[in-house]
Asker: 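Input: one structure, supplied below.
Source: prediction; values computed, not measured. Below, all heavy atoms of this structure are taken into account, side chains as well, without hydrogens, waters or symmetry copies. So you know, we letter chains A, B, ... as the sequences are listed, proteins then strands, and number each from 1.
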Amino acid sequence: MNRYFFKQDAVTLAKDLLGKMLVRKVEGRIINSLITETEAYVGPEDKGSHAYNNKRTKRTETMFKEGGHAYIYLIYGMYNCLNIVCSEKDKPEAVLIRAVEPLNEIEYIRMNRKIKSNKVEDLTNGPGKLCQALDIDTSLDGIDLLNNSVLYIQDNLSNHEIVASKRINIDYAGEYANKLWRFYIKGNKFISKK
DNA sequence: ATTGAGATTGACT
DNA sequence: GTCAATCTCAATA
């Protein structure tokens, strides 16, 4: 992918990222997965966003980077979430990756996840789950997806229908809690919630 | 210095 | 359906 792709607005990019390949290299392995579910956080006016009102903190500073960087943060003290920063520098927009469909290295992923369920979709159908599965944590926060070899996005041909729905777990966001800014691939098993 | 809550998850009743 | 786990950081004092 090129820089222009990531400089789109968050809602457009959230839809365009569906079906794209997320590549993670770790411990000599190359793990390929398809992005199946995303959420858009659109900017300073979005009460659901960490950067609401242009709030700049040590954590949110990454959201103000130019499109194409990774914004990774720790939530609830135990899970990491992966976002793709988009738009221009100093415009805090990002797309949260909520679910992926792993294509290889399933046993490595299963080992990382340490869960009882043997349903393959339980391995990566949630933002915290996929970070644990792919060994993604805050040490990768702020990296440029266009200029490193351990985490990046590859173009991929995909025929799919997109479903739009309300974002998850942002009840505090007032009228922004009802925006249809969550997108997923219709019919895919790797979805966090129906 | 202390407190509170979070873009979640898995285990449990 | 309920709920605790666990930690960073912002808001308050």
Asker: Rounded to the nearest Å, what distance is computed from the CD atom of residue A:E121 to the P atom of nucleotide B:dG10?
Answerer: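 One finds 13 Å between P of B:dG10 and CD of A:E121, rounded.
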Asker: Sequence neighbours excluded, which residues qualify as salt bridge (charged side-chain N to carboxylate O under 4.0 Å, His left out) partners of A:K58?
Answerer: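 Once residues adjacent in sequence are excluded, A:K58 has no partner under the salt bridge (charged side-chain N to carboxylate O under 4.0 Å, His left out) criterion.
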Asker: Under a 4.0 Å heavy-atom cut-off, which of residues 35-48 of chain A touch DNA chain B?
Answerer: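 A:Y41, A:G48 - these, ordered by number, are the residues of the stretch whose heavy atoms sit under 4.0 Å from the strand.
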Asker: Return each pair, listed once, that meets side-chain hydrogen bond (donor to acceptor under 3.5 Å, both in side chains) where at least one residue sits in residues 119-133 of chain A; pairs must be two or more places apart or across chains.
Answerer: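 For residues 119-133 of chain A, and leaving out neighbouring residues, the side-chain hydrogen bond (donor to acceptor under 3.5 Å, both in side chains) pairs sorted by first residue read A:R113-A:Q132, A:S117-A:D122, A:N125-A:K129.
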Asker: Taking only heavy atoms on the protein side, list every residue of residues 122-145 of chain A lying under 4.0 Å from any atom of DNA chain B, sorted numerically.
Answerer: A:G126, A:P127, A:G128, A:K129
Asker: Any salt bridge between A:D9 and A:K15, counting N to O under 4.0 Å?
Answerer: no
Asker: Going 5' to 3' along nucleotides 6-13 of chain C, which nucleotides have protein heavy atoms under 4.0 Å from the base (write B), which only from the sugar-phosphate (write S), and which from neither (write -)?
Answerer: BB--S---
Asker: Going by the rule side-chain hydrogen bond (donor to acceptor under 3.5 Å, both in side chains), which residues pair with A:T62 if we only count those two or more places apart in sequence or in a different chain?
Answerer: A:D141
Asker: Under 4.0 Å, heavy atom to any atom of DNA chain B: which of residues 162-172 of chain A qualify?
Answerer: A:N169, A:I170, A:Y172
Asker: Restricting to side chain to side chain contact (heavy atoms under 4.5 Å, CB included), what partner residues turn up for A:P127, sequence neighbours left out?
Answerer: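 Testing A:P127 for side chain to side chain contact (heavy atoms under 4.5 Å, CB included), a comparison that skips the adjacent residues, returns A:C81, A:L96, A:R98.
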Asker: Please convert DNA chain B into dot-bracket. A pair counts if it is Watson-Crick or G-U wobble with both distances under 3.5 Å; crossing pairs go in [ ] and bases paired with another strand get |.
Answerer: ||||||.|||||.
Asker: Once salt bridge (charged side-chain N to carboxylate O under 4.0 Å, His left out) is applied, do any residues pair with A:E27, and if so which ones, sequence neighbours excluded?
Answerer: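 If we apply the salt bridge (charged side-chain N to carboxylate O under 4.0 Å, His left out) test to A:E27, skipping adjacent residues, there are no hits.
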Asker: Taking only residues at least two apart or on different chains, which pairs with a member in residues 73-104 of chain A satisfy ring pair (Phe, Tyr, Trp, His ring centres under 6.0 Å)?
Answerer: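 Matches after skipping sequence neighbours: A:H50-A:Y73, A:Y71-A:Y73.
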Asker: Take the protein atom OH of A:Y71 and the nucleotide atom P of B:dG6, then report the distance between them rounded to whole Å.
Answerer: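 The answer, rounded to whole Å, is 15 Å.
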Asker: Heavy-atom contacts under 4.0 Å between residues 94-118 of chain A and DNA chain B, which residues?
Answerer: A:L96, A:R98, A:R113, A:I115
Asker: Measure the distance from OH on A:Y79 to C1' on C:dA5 and round it to the nearest whole Å.
Answerer: 8 Å
Asker: C1' atom, C:dG1 versus B:dA7: distance in rounded Å?
Answerer: 23 Å
Asker: Would you kindly give the CD1-to-C1' distance between A:I191 and B:dT9, to the nearest whole Å?
Answerer: 17 Å
